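Reviewing the structure listed below.
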Amino acid sequence: MRSRSALKALVQDLLADAATRAWPDLDIPHPPHVERTRDAAHGDFASNIAMQLTKAARRNPREIAQAIVDAMGDDARIDRVEIAGPGFLNFFLAPGAFRATIDQAIDAGAAYGRSDTGAGEKVLVEFVSANPTGPLHVGHGRGAAVGDTLARLYEAAGWDVTREFYYNDAGNQIEMLARSVSARCNGLTPDDADWPEGGYRGDYLADLAAAYLRGDTVTADDREVTGAADPDDKAAIREFAVAYLRREQDADLRAFGVVFDNYALESALYAEGRVEATVEALIAAGHTYENDGALWLATTDYGDDKDRVMRKAEGGYTYFVPDVAYHRAKWERGFTRAINEQGADHHGTIARVRAGLQALDIGIPEGWPDYILHQMVTVMRGGEEVKLSKRAGSYVTLRDLIDEVGRDATRYFLVARKPDSQQTFDIDLARSQSEDNPVYYIQYAHARIHAVFRQLDEQGMAWDREAADLSQLTSEYEQRVITLISRFPEVVAGAAADSSVQAIPHYLRDMADAFHSYYNAQKFLDADPGLRNARLSLIATARQVIANGLELLGVSAPERM
RNA sequence: GCGCCCGUAGCUCAGCUGGAUAGAGCACCGGCCUUCGAAGCCGGGUGUCGUAGGUUCGAAUCCUACCGGGCGCACCA
C-alpha cells in the first residue's frame, strides 16, 4: 500500500499494468523501478524497466519499451510517455496532475506525507539506553535525535511504534557509581588519595551526594526513592543514585523533545527470572559447554568471531546474557520488527546478541534485530574542539548543547548527517541566525508564509480556496514549489523505508530555498482573486509541508521569529 | 593482526539500493530594500567520486586488493 498522494505510485501502477499486459509471461518487478528525473527533458519520472527485462524477454530494450508504451491505456494525469536513450521510459505528467497534489495536501493537512505502508505492524525502537552513571553526553544526543526521528518516520509510514530505553541498574558500573557517591558523602574529592580507583569524577556527584545526605526524595521511572543519608550504606546509595541520575537524564530528554513509552531495567530481567530461563534454554538447545570453570556459548556457530563466556568462573553472568534475555523478551512481546539505535562503539556486541538469539532456536530471523549505528560527534566552538563540561568533567553534555544553541538547532544538526558518518557539530554555525544556518533558513520560510497571511488579514482580505484558479500557477518558481510538494510523500516513505533520517533535513532545505526564491520573484497578494487565491493555496501548502517535515525532526515551526 | 564504518568541489555534505552531462550549501566576487519580513533574493566555477583492477549495455553506487582516517576486538558494560 502506498500513499495515494504520491505521484510516483501512480506512475508505478500504470507502468506495472502496461508491462504485465505487454509481457504476460515475464516476471515484472512490483513495484517497478521509477525515479524522479534530474533533467526536465527526460520528463517528470523515468523507468529503466525495459533495460531490466532485456535478458528475460530476449529483445532489445527499445523494442520492449515500445511494447509497454503500446499497452499503456490513456490516463488524464499522464500527458505522454517517450522512449529515450538506450530504452528509458520517460513520463511527462499533465500539469493538472501536479496541481491536484495541492488540493490533496490541503485536505490531508498534518497527515500529508503519511502512508499506511507499515499497516499498523508493531515496531520497537530502542535508543539512547544510557546507563544511569551520569548526565547524557553529545553522543547520546545524537542517538536521541536519530532514534526519535526514526520513530517519527515509522509512525508516518503507518507503523505502530514503541520507544524504549534500556539500562543497566545493577552491574559493576553502578557499583563504581555507588562507591564514588559514598566517597563524596565522606567529603572526598577526585583529587584525594583515597578516591576510589576508576571512580566517576564529575561535579554532578557532589550535588547527588548532597541530595542523598539531605534525605531528598526523587521520582523516576515510576519509582520514588528517599535518600537514606547514611554515607556508608552502599545499597541505599546505589538505589538513590540510579533514581537521581535517571531523573536528570529524563529531564534532559524532555527538554530535547524525546519521550519514551517504556523503560526496561536489567535488574528486572533477573528479578523476573528471564536471565536464568534464557541460560537454561541455551543449555537445553545444546549450544553451550564448560571450559576453565566457565560456561560458554558457541556463538561461532552463528557467525561470531569467537565463543563467548556466559557464566564466569567466579559465578556471575557476563553482560551479554541479560542482553540476550532482553531481546528474547522483545521478540516474545510480539515485536517482529525491532530497531536498535546505538553508538558505533558498541558494534562488537551485535554478532553475539544475534548469535545468542539464534542459539535459542525459537524462530527468530537471522538478521533480527536491525541496528542503526551512529558515529562520534566532535563539538567545535571558535574553531577549536570542545571537550569538557563543568558538570560532567570529561565530556560535553547534551544539556550543554541545548542550553547553548537551543533544542531546534541541536536536533536538526544531529540528524542532518547520515548516522554512519562522523560528525562535527559547529556551535557557532548552529547559533548563527542567518542563511548560513539551515534551521533558521527553513523556519524563516515557515514564519514568512505566516507573515503573508497576516498581511492578507491586515488588508481586509481572506484566503478563499474555492476561488483559487490553480491553472494560473505557471511560473518556473511555482512549478518548482509544486514539484517539491508532490515529492514530499515519496521523501517520507523513502526515508522510513531505508531509515535515512538525513533525507528530511535535505528536503526541507530545498523546499525553503524554492519558497524564498518564489517569494522574491512574485507577489502573492495579487489583485486578481483567482491568481491571488491560487498563490495563497500554494504557499499554504508549502507551509504545511514545511511544518510536517519539521515535526518529523521534532523541530518547531514558529509563526513569528 | 582481525572485524565494522567513512573517504565525492577549497570546506561541510547529498546522491532516490546500477542509469542518461555527478548535485546543494558555505567560502569568494558582483548586483538587489519608498513594494507580502533583506533572518531574504539574483548572477558568476569548481571535480583523477581515495588508488588499481573486476562484474555489464551502463559503476560514485556491486565485488576484490591496496592507501588514508575513526571505532571495536574481556571470564568490563
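Source: prediction; values computed, not measured. All heavy atoms count here, side chains included; hydrogens, waters and symmetry mates do not. Lettering of chains follows the sequences in order, A, B, ..., and the numbering in each one begins at 1.
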Expressed as a whole number of angstroms, how long is the span from [X]:[atom1] to [N]:[atom2]?
X	N	atom1	atom2	answer
A:Leu297	B:rC75	CG	P	13 Å
A:Arg417	B:rC26	CZ	P	13 Å
A:Glu266	B:rC76	CD	C1'	12 Å
A:Tyr518	B:rG37	OH	P	15 Å
A:Tyr371	B:rG3	OH	C1'	16 Å
A:Gln12	B:rC16	CD	P	16 Å
A:Asn437	B:rC13	CG	C1'	15 Å
A:Phe320	B:rC73	CZ	C1'	15 Å

Is the phosphate of [N] approached by [X] (side-chain N or O, under 4.0 Å from OP1 or OP2)?
X	N	result
A:Gln423	B:rC13	no
A:Arg36	B:rC16	no
A:Thr318	B:rC76	no
A:Tyr441	B:rC41	yes
A:Arg38	B:rA22	no
A:Lys306	B:rG3	no
A:Tyr519	B:rA38	yes

Candidate nucleotides [options], ranked by approach to the side chain of [X] - the nearest:
X	options	value
A:Asp345	B:rG37, B:rC71, B:rG19	B:rC71
A:Tyr444	B:rC76, B:rG40, B:rC71	B:rG40
A:Asp420	B:rG37, B:rA20, B:rC6	B:rC6
A:Arg454	B:rA20, B:rG37, B:rC41	B:rG37
A:Asn172	B:rC76, B:rC4, B:rC41	B:rC76
A:Glu35	B:rC16, B:rC76, B:rG25	B:rC16
A:Arg560	B:rG15, B:rG37, B:rC71	B:rG37
A:Val309	B:rC75, B:rG72, B:rU35	B:rC75
A:Met376	B:rG70, B:rU35, B:rA39	B:rG70

Taking atom types as they are modelled, would you say the side chain of [X] forms a donor-acceptor pair with the base of [N] within the 3.5 Å cutoff?
X	N	answer
A:Asn48	B:rG19	yes
A:His33	B:rG19	no
A:Asp510	B:rA14	no

Counting the atoms with a prime plus P, OP1 and OP2 as sugar-phosphate, which does [X] contact under 4.0 Å by heavy atoms, base, sugar-phosphate, or nothing?
X	result
A:Met51	base
A:Asp323	nothing
A:Ala503	nothing
A:His506	sugar-phosphate
A:Asp526	nothing
A:Gln422	base
A:Asp498	base
A:Gln443	nothing

Quickly, which of A:Ile449, A:Leu531, A:Leu456 forms a side-chain contact (heavy atoms from CB on, under 4.5 Å) with A:Leu536? Name it, please. A:Leu456
Its glycosidic angle compared against 90° from 0, B:rU51 adopts the form anti
Of A:Asn131 and A:Gln522, the one whose nearest nucleotide on RNA chain B sits closer to the 5' end is A:Gln522
Report the residue (A:His516 or A:Pro419) whose heavy-atom-nearest nucleotide on RNA chain B is the more 5′ of the two. A:Pro419
How far, in whole Å, is [M] from [N] if one measures between their [atom1] atoms?
N	M	atom1	answer
B:rG25	B:rU34	P	27 Å
B:rC13	B:rG7	C1'	12 Å
B:rG15	B:rG23	P	15 Å
B:rG54	B:rU61	C1'	15 Å

Under the side-chain hydrogen bond (donor to acceptor under 3.5 Å, both in side chains) rule, what do A:Ser475 and A:Arg535 come out as? Steps first, then yes or no, please. CA-CA 11 Å; A:Ser475 73; A:Arg535 287 181 171 164; 5.6 Å; no
Does the ring of [Y] carry [X] above it, NZ/CZ under 6.0 angstrom from centre and within 45° of its axis?
X	Y	result
A:Arg337	A:Tyr154	yes
A:Arg448	A:Tyr519	yes
A:Arg246	A:Phe165	yes
A:Arg509	A:Tyr441	yes
A:Arg543	A:Phe453	yes

Please determine, by modelled atom types, if A:Tyr326 and A:Glu164 share a side-chain donor-acceptor pair under 3.5 angstrom. yes
With both distances under 3.5 Å as the test, what is the Watson-Crick or G-U wobble partner of [N]?
N	answer
B:rU17	none
B:rU64	B:rA52
B:rU34	none
B:rG3	B:rC71
B:rC11	B:rG25
B:rU46	none

Closest non-hydrogen contact found for A:Pro438 with A:Phe413 is CD-CZ, 4.0 Å
Please check if the distance between the ring centroids of A:Phe524 and A:Tyr518 is under 6.0 Å. yes
Is the aromatic ring centre of A:His42 closer than 5.5 Å to the centre of the six-membered base ring of B:rA20, with the two planes inclined by less than 30°?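 So yes, this residue stacks on that base, both cut-offs being met.
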Any stacking of A:Phe88 on B:rG19, going by centres under 5.5 angstrom and planes within less than 30 degrees?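 Per 5.5 Å and 30° rule: no stacking.
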